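Bear in mind that the values here come from a model prediction, so they are computed numbers and not experimental data. Numbered from 1 within each chain, the chains take letters A, B, ... in sequence-line order.
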Number of protein chains: 2
Amino acid sequence: MIPVKNNYQFEDMLDKHQLKKTAPRLRVLSMMYSKNTATSQPDLENVMHDIDRVTLYRILNVFEEKGIIHKVFDLDGTANYAVCHSDCEANHHHDEHVHFNCTVCKNVYCLNELSLPSITLPAGFKPESFTLYASGLCPKCDKKNSVK
Amino acid sequence: MIPVKNNYQFEDMLDKHQLKKTAPRLRVLSMMYSKNTATSQPDLENVMHDIDRVTLYRILNVFEEKGIIHKVFDLDGTANYAVCHSDCEANHHHDEHVHFNCTVCKNVYCLNELSLPSITLPAGFKPESFTLYASGLCPKCDKKNSVK
DNA sequence: ATATAAATGCAACAATATTTCATTTAGAAT
DNA sequence: ATTCTAAATGAAATATTGTTGCATTTATAT
Ligand SMILES: [Mn+2]
Ligand SMILES: [Mn+2]
Ligand SMILES: [Zn+2]
Ligand SMILES: [Zn+2]
């Protein structure tokens, strides 16, 4: 489902976006591609103690600008980032999919495979993009729950 | 459309939720009911200079807890609050409608009249609530745009 | 090997969220 | 009407998060 990438491919990605191939960037990419849930800046900080939080902040910003990752706010309003699977371009994202926020583990899942139902807005509103948010129990937490 | 309320009705609302009828609370209620867009804490601060921002912070929190208002994050991740029209209960909201965030004026509109299309999630996900976010041009900004 | 622009780390600063506590006040009891 | 009490407010303090400036380091083009 999610295309697993190796280090060479991450280097290629940075190349394509005219970003220098630095250790912090490669580590962030590899972490984000290894999970099937979105990653918050605190998540990164907790793992990469040796990288400055400002550097992580800037990496997330530039990756989002370039269309490598997109930002999703969870139920508490904290920003989470997930890799784009929608051929997003610099400053122009197309990540119009469903986001699922688990109320137990707080993880944010991008449900890329689901397409959004079309909807008609009241007269006068000119929509440019849509996102559907769902919250509830994710598969893992639902299983743990029913076992008890 | 939006039921306009007077001060007696705001006092009743506070009564019903076992909240004391204080001046700051009544003013916040009256401001939020007078607009058809959501209100951020900075919005309130800009108008009610004499009320401490911690008080506003606490009023918004308790109103949300009681089911009087609900929280919506806009495109920048700042929290906006709008009055509930879905008979929400304490700690249990039912505000499953479309939210529209204008990219120009940044206003957040609750489109209460629209019902959400039903959607089936991948196996294992147990959704409890849905929200659809749309962003683009609101009626006002669209008009201004086409006049120029 | 050298030069240069980009990226990093650190410190400083700004904005926001949250806690603590002394004082005030709404509403209940007398 | 007066007194009492829990709730609410305001002010200050602290915590967390977002952002900028600048000196130093590093990737990469020459
Ligand atoms: Mn996504
Ligand atoms: Mn709403
Ligand atoms: Zn979960
Ligand atoms: Zn607008």
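- Position along DNA chain D of the nearest nucleotide to Lys21(A) versus Pro42(A) favours Pro42(A) as the more 5'-ward residue.
- Chain B approaches DNA chain C over the interval dA17(C) to dG27(C), counting the first and last nucleotide 5' to 3' with an atom under 4.0 Å from its heavy atoms.
- Atom-to-atom, CG of Leu14(A) to C1' of dA27(D) comes out at 12 Å; the value is rounded to the nearest Å.
- Along DNA chain C, the nucleotide nearest Thr78(B) and the nucleotide nearest Arg53(A) are compared for position; the residue whose nucleotide lies closer to the 5' end is Arg53(A).
- The two residues His93(A) and Gly67(A) come nearest to each other via the heavy atoms CE1-CA, 3.7 Å.
- With sequence neighbours excluded, the residues forming a ring-ring contact (aromatic ring centres under 6.0 Å, His included) with His97(A) are His70(A), His99(A), listed by chain and number.
- Contact record, Ala38(B) with Lys35(B): O-NZ, 3.5 Å, taken as the closest heavy-atom pair.
- Every residue two or more places apart in sequence or in another chain that forms a side-chain hydrogen bond (donor to acceptor under 3.5 Å, both in side chains) with Asp43(A) is listed here: Ser40(A).
- Atom-to-atom, CD of Glu65(A) to P of dT19(D) comes out at 12 Å; the value is rounded to the nearest Å.
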Contacts table for residues 11-21 of chain A: side-chain donor-acceptor under 3.5 angstrom, sequence neighbours left out:
unit_1   : atom_1 : unit_2   : atom_2 : d
Asp15(A) : OD2    : Lys21(A) : NZ     : 3.2
His17(A) : ND1    : Met13(A) : O      : 2.9

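- The 5' end of DNA chain C is approached more closely, in terms of each residue's nearest nucleotide, by Tyr57(B) than by the other of Asp15(B) and Tyr57(B).
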Which pairs of donor and acceptor atoms, one on a side chain in residues 45-56 of chain B, lie under 3.5 Å apart (sequence neighbours left out)?
unit_1   : atom_1 : unit_2   : atom_2 : d
Glu45(B) : OE2    : Gln41(B) : NE2    : 2.9
Asn46(B) : ND2    : Pro42(B) : O      : 3.2
His49(B) : NE2    : Asn46(B) : O      : 2.8
Asp50(B) : OD1    : Arg27(B) : NH2    : 3.1
Asp50(B) : OD2    : Arg27(B) : NH1    : 3.0
Asp52(B) : OD2    : Val54(B) : N      : 2.9

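- Taking the side-chain hydrogen bond (donor to acceptor under 3.5 Å, both in side chains) definition, one finds that Lys126(A) meets it with Asp142(B), sequence neighbours left out.
- Within residues 69-77 of chain A, no residue has any heavy atom under 4.0 Å from DNA chain C.
- Screening residues 115-124 of chain A for side chain to side chain donor-acceptor pair (under 3.5 Å), with sequence neighbours left out, gives no hits.
- When all heavy atoms of Tyr133(B) and Phe73(B) are compared, the closest pair comes out as CE2-O, 3.4 Å.
- Membership of the apolar cluster around Leu116(A) extends to Val98(A), Phe100(A), Tyr109(A), Leu111(A), Leu114(A), Ile119(A), Leu121(A), Phe125(A), Phe130(A), Leu132(A), Val98(B), Phe100(B), Tyr109(B), Leu111(B), Leu114(B), Leu116(B), Ile119(B), Leu121(B), Phe125(B), Phe130(B), Leu132(B), as traced through chained side-chain contacts below 4.5 Å between ILVMFWY residues.
- Thr78(B) meets the side-chain hydrogen bond (donor to acceptor under 3.5 Å, both in side chains) test with Asp74(B); sequence neighbours excluded.
- Bending across the helix from dA1(C)-dT30(D) to dT30(C)-dA1(D), expressed as the angle between its end axes from five pairs apiece, amounts to 30° (10° rounding).
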Produce the list of close N/O pairs, under 3.5 Å, pairing protein atoms with atoms of nucleotides 6-10 of chain D; give distances to one decimal.
unit_1  : atom_1 : unit_2   : atom_2 : d
dA7(D)  : O4'    : Lys20(B) : NZ     : 3.3
dA8(D)  : OP1    : Arg25(B) : NH1    : 2.9
dA8(D)  : OP1    : Arg25(B) : NH2    : 3.1
dA8(D)  : O5'    : Arg25(B) : NH2    : 3.2
dT9(D)  : OP1    : Thr22(B) : OG1    : 2.8
dG10(D) : OP2    : Thr55(B) : OG1    : 2.8
dG10(D) : N7     : Arg58(B) : NH2    : 2.9
dG10(D) : O6     : Arg58(B) : NH1    : 3.4
dG10(D) : O6     : Arg58(B) : NH2    : 2.8

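- Taking both residues in full, the closest heavy atoms of Ala123(B) and Pro139(A) are given as O-CG, 4.2 Å, listed atom of the first, atom of the second, then distance.
- Residues Val72(B) and Val72(A) share a single hydrophobic cluster, defined by chaining ILVMFWY side chains whose heavy atoms lie under 4.5 Å apart.
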